[in-house]
Amino acid sequence: MSEVPIVTGRANVMVYDETNRKWIPSGATQGLSKVQIYQHTQNHTFRVVGRKLQDHEVVINCAIMKGLKYNQATPTFHQWRDNRQVYGLNFANREDAEGFAQAMLTALDSL
Ligand SMILES: CCOC(=O)[C@@H]1C[C@@H](CC)[C@@H]2C=C[C@H]3CCN(C(=O)[C@@H]4CC[C@H]5C=C[C@]6(CCCN6C(=O)[C@H](Cc6ccccc6Cl)NC(C)=O)C(=O)N54)[C@@H]3C(=O)N12
């Protein structure tokens, strides 16, 4: 099994619309997604994958790059940027947010 999930949570996955300066849902519709961090066991890389609970649409699939700054803006809204866009996870609850952040920081520490 080359990729294993190291954390699972529930969040509204958002991306920041720089033009209109507002957060918009990533994917076709607003709604909760299952968000996971996958660890690739062979090449020791990590990525965030999110799938809508309702129709399994993939709404986020982004590599976790060394040096990524993971900003816990509020206890349930965390965000980070890559060279293309800014991602926001609006977690369903604090426990999911805390669990995800811990796994993210552990992954970042290991890169
Ligand atoms: C009715 C009110 O609606 C809300 O509550 C909306 C809808 C809520 C659900 C989706 C969501 C929830 C919570 C709050 C929390 C605050 N917040 C914002 O957006 C703040 C406010 C100002 C605004 C300005 C910029 C913006 C957007 C783009 C990125 N960024 C930065 O500051 C980045 C951050 C960063 C820091 C370090 C590392 C990485 C990164 Cl990414 N800095 C830089 C240096 O890159 C940002 O985060 N901003 C959210 C918000 O308003 N909302």
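One-based numbering, in listed order, for ligands and for the atoms of each.
At a distance under 4.0 Å, no protein heavy atom can be found next to atom 25 (C) of ligand 1. Within the 4.0 Å cut-off (strictly below), a protein heavy atom is located near atom 44 (C) of ligand 1. For atom 48 (N) of ligand 1, no protein heavy-atom neighbour is found at a distance under 4.0 Å. Less than 4.0 angstrom separates atom 3 (O) of ligand 1 from none of the non-hydrogen atoms of the protein. At a distance under 4.0 Å, no protein heavy atom can be found next to atom 21 (C) of ligand 1. Distance check on atom 10 (C) of ligand 1: some protein heavy atom falls below the 4.0 Å cut-off. In this structure, atom 28 (C) of ligand 1 is in close contact with the protein, since a protein heavy atom lies within 4.0 Å of it. The presence of a protein heavy atom under 4.0 Å from atom 39 (C) of ligand 1 is confirmed.
At under 3.5 Å, a nitrogen or oxygen of Trp23, whether backbone or side chain, sits near a nitrogen or oxygen of ligand 1. Checking only distances, Tyr16 never comes within under 3.5 Å of ligand 1, N or O to N or O.
Leu53 contributes atom CG, which lies 5.0 Å from atom CZ of Arg10 (distance to the nearest 0.5 angstrom). A distance of 11.5 Å separates CD in Gln79 from CE in Met14, rounded to the nearest 0.5 Å. Here the straight-line distance linking atom CD1 of Ile64 with atom OG1 of Thr45 works out to 9.0 Å at 0.5 Å rounding. Between Gln36 atom CD and Ile60 atom CD1 the span is 12.5 Å, to the nearest 0.5 Å. The CG atom of Leu32 lies 5.0 Å from the CG atom of Asn12; values are rounded to the nearest 0.5 Å.
In this structure, Tyr70 has its ring center under 6.0 Å from that of His78.
Of all atoms in ligand 1, numbered sequentially from 1 with element shown, those under 4.0 Å from a heavy atom of Asn90 are 9 (C). Ligand 1 places these atoms under 4.0 Å from at least one heavy atom of Val86: 29 (C), 41 (Cl). Here is the list of ligand 1 atoms found below 4.0 Å of a heavy atom in Lys69: 38 (C), 39 (C).
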Apply side-chain contact (heavy atoms from CB on, under 4.5 Å) to Val48 and Tyr38, showing your working.
CA-CA 6 Å; Val48 179; Tyr38 279 93; over 6 Å; no

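Each of Tyr16, Phe91, Trp23, Tyr87 was evaluated against Phe77; a single residue qualifies, Trp23, per the ring pair (Phe, Tyr, Trp, His ring centres under 6.0 Å) test.
The nearest non-hydrogen atom to atom 35 (C) of ligand 1, considering only Asn71, Val15, Leu68, Thr74, comes from Asn71. Between atom 34 (C) of ligand 1 and the options Arg81, Gln72, Arg21, Gln79, the minimum heavy-atom separation is to Gln79.
Annotation: side chain of Arg47 is not in contact with side chain of Gln39 (no heavy-atom distance under 4.5 Å).
Nearest protein heavy-atom neighbour of atom 12 (C) of ligand 1: Phe77 CG, 3.5 Å. In this structure, the protein non-hydrogen atom closest to atom 16 (C) of ligand 1 is Ala73 CB, 4.5 Å.
Counting non-hydrogen atoms of other residues, nucleotides and ligands closer than 6.0 Å to CD of Gln42 gives a total above 12.
Side-chain contact, Lys52 with Thr29: a donor N or O sits under 3.5 Å from an acceptor N or O.
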